[in-house]
**Q** 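Please see the structure below; I have some questions.
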Amino acid sequence: MDPETQKMREVVLVYLDRSGGLQKFVHDCKKYNDSKQSYAVYRFIISINPSDIAELDATLGNYILHNPLQSAQIFQSVCFVAIKTLSLIEQLQTEAQISILLKPTHLPPLPSYVLSLSTYPFNYTSQRFYMSEGIVIAMGTVTKYTQGARFLCTEETCPFSEGRFRCIRVHCPGATESATVRTDFVCSLCSSPLQEDMKFRVLGDKQIVEMIDAKILNALKGYSIDKYHFRIQAFTLFLRDELANKMTIGNHYRIIGIPAFVQNGLQATACIEVNSVQLYKPNGPSSVSHNFKYLLSLTSSSCWRFTAVLANIFASQVVPPGTYNTLKLAILLSLVQTSEKENADYLDLLIMTSDTLVIDRILNYSLCLLPRGIRHPPSSDIFPSVSKDKHGTGSASIQACSAVLAKGGICYIGDLSSYKKDKLELLQSVLESRTTTVFIPGKKYGEEADQQVTVSIQTNFWSFVDVDSSSKKHIQKENFLIGQMDVSLIPVNLVDSFGLLIYNEFPSCRLSSPVVHHILKKAINPEAMLYKVSQQFRTQDYEEFILFARNLHVVLSSEAESLIQGYYLASRRVRRDSIHGSTLSASALKILISLAKAHAKLSLRQTVLEEDAVIAILLLESSLTLKHGTSALCVAPNPVFPFDLSDENSLQQRDIYLIQCHHQLLKFIAAYSPGIHINTHEE
């Protein structure tokens, strides 16, 4: 025996003893021994810490990292000796029956151990461990593969025709099913054909997953400041046995695996045999920029001023400061209410406009502030679809879509009036349940029974309706209420499913002079910084601000909760008719809480105050007025920004106006929801 190999075996035994791996191995052997059943292959998973092994023996540590298949054979021989010495598995006959899977806990943080999915060439020939990361864009159903099989010689006089485990085929990384089981194997002793002993075939679970570099998100944004060009191609992952169903479509993962390629006819597909999977969650910024901190200190005298100034100057790269303030505030609130948590507070926006070009530019710009801002291309599906797996298995593969790729972000689906009825009905269902169901017909994809897979949709939706796109004239009819807008282009239930309905301030027939000047100047010089605030508050500053604010954990104060609950109950009593009952949807309370929390986050506070609840109520009441007409509360057409914000005096006037709205709201609750007790403060 090679002295170096013998030394590595000794180090392996010492490492297994010190790390607790030997104890786990003995426990796994006991499970096999207690079953009293003979297997062609006994599979063991051994966790490896490369740092600890390198400290014990640098040669073995390097060998494991760069020759994992060969190093597994060293572990195999050590485990076989341990089984025979300690009599751990009585049924085991040969060393070839042991299959060892090495799972490194991590890899050295060096560039040579990182496999970039967007860098050419893709090094799939060196079968060693690599770390990579990306987003899951397709997932196949779980199917079976052969872990190992026993073969017997067909020549009766050959010693290999006896019922011993001499000819064993075991799956290797990247190998196809035909490499493990087929009919043209020959005996190494007499060259006679080998025949599989079917009762000893060992099956395992296999799942094929498509992953792509996270840079794809930049390509799917509607607007980007990134001028670099790059090529991105999806690649295939094989998840086997305990790793099957460990990934979720749309999630970002870090993986450790061995690259290989699968030959399917004349086509070779690069793939990775995955050894470990880890959900990737990037850390957000620890603070906001100095300019935002300074602005917060300047506006600290009022709970309403900071967000007002923020909305006023937001998106100055695409529209002049002071325009579209209500829309920009709603966008900021929706941005900070993005999360990948299961029971997150969502805030969807539906905008009624005839200025589709300007609105589209604002929304496109805003998408870029989040890592996952997706502009849905009309040619593709919004929600997951099913197709046949392209690797020749014939099984079903669930394909990701705009809504899934926008997980924890924004999915901008464009003009809602351009979609057909079935798409709108599906969208309504998703907005109400935040899930969608994918139907997989079993007969079509080689399964015995049909399957239904539920996919979680964790994103905010943005959309607009072009009020000029229809031949209908939007003229107030006799049965329209005061303040109500004609939204008959879209099903009423779908409109109610969106959190906020917003009507922008400037119809296209009378665009404000600053907007016209801005558009003309930008057309002449697209890179120009037209306003000082664009230099003081850069796009990068807003990105950091949004990421910091959305990670704040906020709680409702008792005062804010009472105000929201009182308004909700009063509105349900006021907004009702004799036929349909209350016109206020059951989701309105969730929307109110989401809006109030978002305003607190946008104010960089962790407690939702009454002032946050006032803004939330005014925004929702304005939305309800557009849908159903004005109520007894009777808010102004633009209640959050009743006049332009030009100086500190205008901010003071707005504060006075919002205090009056607060008092009016308290009177409304006292009149129509008398059972709710709210503490009032004398001014």
**Q** Can you list everything that forms a side chain to side chain donor-acceptor pair (under 3.5 Å) with Q652? Sequence neighbours excluded, please.
**A** R305
**Q** Kindly indicate, with the supporting measurements, whether the criterion side-chain contact (heavy atoms from CB on, under 4.5 Å) is fulfilled by L494 and L431.
**A** CA-CA 8 Å; L494 177 58; L431 290 174; 3.9 Å; yes
**Q** Do Q428 and E432 have a side chain donor and acceptor closer than 3.5 Å?
**A** yes
**Q** Which heavy-atom pair separates S334 from N460 by the least distance, and what is that distance?
**A** O-ND2, 3.0 Å
**Q** Judged by atom type as modelled, is there a donor-acceptor pair below 3.5 Å linking the side chain of R372 to the main-chain atoms of L405?
**A** yes
**Q** Between I351 and L363, is any pair of side-chain heavy atoms under 4.5 Å apart?
**A** yes
**Q** Could you tell me whether the side chain of I502 reaches within less than 4.5 Å of the side chain of L350, counting heavy atoms only?
**A** no
**Q** Roughly how far apart are T307 OG1 and L296 CG, rounded to 0.5 Å?
**A** 10.5 Å
**Q** Could you tell me how the ring of F545 sits relative to the ring of F306: parallel (under 30°), tilted (30 to 60°) or perpendicular (over 60°)?
**A** tilted
**Q** Minimum heavy-atom separation for Q664 to L633, with atom names?
**A** NE2-O, 2.5 Å
**Q** Any side-chain to backbone donor/acceptor pair from S497 onto N493? Under 3.5 Å, distance only.
**A** yes
**Q** Could you go through the side-chain contact (heavy atoms from CB on, under 4.5 Å) check for T338 and T459 one step at a time?
**A** CA-CA 7 Å; T338 52; T459 182; over 6 Å; no
**Q** So, taking the atom named OG in S622 and the one named CG in L501, what distance separates them when rounded to the nearest 0.5 Å?
**A** 8.5 Å
**Q** Donor-acceptor pair, R572 side chain versus L584 backbone, under 3.5 Å?
**A** yes
**Q** Can you find a pair of side-chain heavy atoms, one from L329 and one from L602, that are under 4.5 Å apart?
**A** yes
**Q** Please say whether the positively charged group of R654, taken as NZ for Lys or CZ for Arg, lies over the ring of F641, i.e. under 6.0 angstrom from the six-membered ring centre and within 45 degrees of the axis.
**A** yes
**Q** Can you tell me how far the CD atom of Q458 sits from the CG atom of N251, to the nearest 0.5 Å?
**A** 7.5 Å
**Q** Is it true that S366 and Y412 share a donor-acceptor pair across their side chains at a distance under 3.5 Å?
**A** no
**Q** Taking D541 for the side chain and R538 for the main chain, is one N or O donor matched with an acceptor at less than 3.5 Å?
**A** yes
**Q** Does one side chain, of D466 or T356, offer a donor that lies under 3.5 Å from an acceptor on the other?
**A** no
**Q** Write down the atom of V608, the atom of A596, and the distance for their closest heavy-atom approach.
**A** CG1-CB, 3.7 Å
**Q** Assess the side chains of T435 and T454: does a donor N or O sit below 3.5 Å from an acceptor N or O?
**A** no
**Q** Enter the distance from L658:CG to C661:SG here, rounded to the nearest 0.5 Å.
**A** 5.5 Å
**Q** Are side-chain heavy atoms of L310 and F292 found at a separation under 4.5 Å?
**A** yes
**Q** Any donor and acceptor pair, going by atom type alone, linking the side chain of Y567 with main-chain N or O of V614 inside 3.5 Å?
**A** no
**Q** Within the side chain of D644, is there an N or O that forms a donor-acceptor pair under 3.5 Å with the backbone of S646?
**A** no
**Q** If you compare all heavy atoms of T248 against all heavy atoms of K407, which two are closest, and at what distance to 0.1 Å?
**A** CG2-NZ, 4.4 Å
**Q** Say you draw a straight line from CD1 of I137 to CD1 of I398; how long is it, rounded to the nearest 0.5 Å?
**A** 13.5 Å
**Q** If you round to the nearest 0.5 Å, how far is OG of S402 from CD1 of I410?
**A** 13.5 Å
**Q** Determine whether C401 and I382 satisfy the following criterion, side-chain contact (heavy atoms from CB on, under 4.5 Å), listing intermediate values before the conclusion.
**A** CA-CA 6 Å; C401 54; I382 304 177; 5.9 Å; no
**Q** For residues R605 and V554, determine if any side-chain heavy atom of one lies less than 4.5 Å from a side-chain heavy atom of the other.
**A** no
**Q** Considering non-hydrogen atoms only, spot the tightest contact between L370 and L335 and give its length.
**A** CD1-CD2, 3.6 Å
**Q** Compare all side-chain heavy atoms of L665 with those of L563 and state whether any distance is below 4.5 angstrom.
**A** yes
**Q** Can you see which heavy atom on K627 is nearest to which on F498, and at what distance?
**A** NZ-O, 3.7 Å
**Q** Does the side chain of S571 reach to within under 4.5 Å of the side chain of Y672, using non-hydrogen atoms?
**A** no
**Q** Measure the shortest side-chain to side-chain distance between V319 and Y365 over non-hydrogen atoms and say whether it is less than 4.5 angstrom.
**A** no
**Q** Can you tell me if K597 uses its side chain to pair, donor with acceptor, with the backbone of L556 under 3.5 Å?
**A** no
**Q** Can a donor-acceptor pair be found, under 3.5 Å and without considering hydrogens, that links the side chain of S557 to the backbone of A560?
**A** yes
**Q** When you look at OH of Y294, are more than 12 heavy atoms from neighbouring residues, nucleotides or ligands closer to it than 6.0 Å?
**A** no
**Q** Dump the intermediate steps for side-chain contact (heavy atoms from CB on, under 4.5 Å) on H252 and L217, then the final yes or no.
**A** CA-CA 11 Å; H252 192 165; L217 298 176; over 6 Å; no
**Q** Do side-chain atoms of S603 reach the backbone of H599 as a donor and acceptor pair under 3.5 angstrom?
**A** yes
**Q** Could you verify whether a donor N or O on one side chain and an acceptor N or O on the other, from Q337 and K601, lie under 3.5 Å apart?
**A** yes
**Q** Where the side chain of D381 meets the backbone of F383, is there a donor-acceptor pair that is under 3.5 Å apart?
**A** no
**Q** Check for me whether the distance between the ring centres of F314 and F537 falls short of 6.0 Å.
**A** no
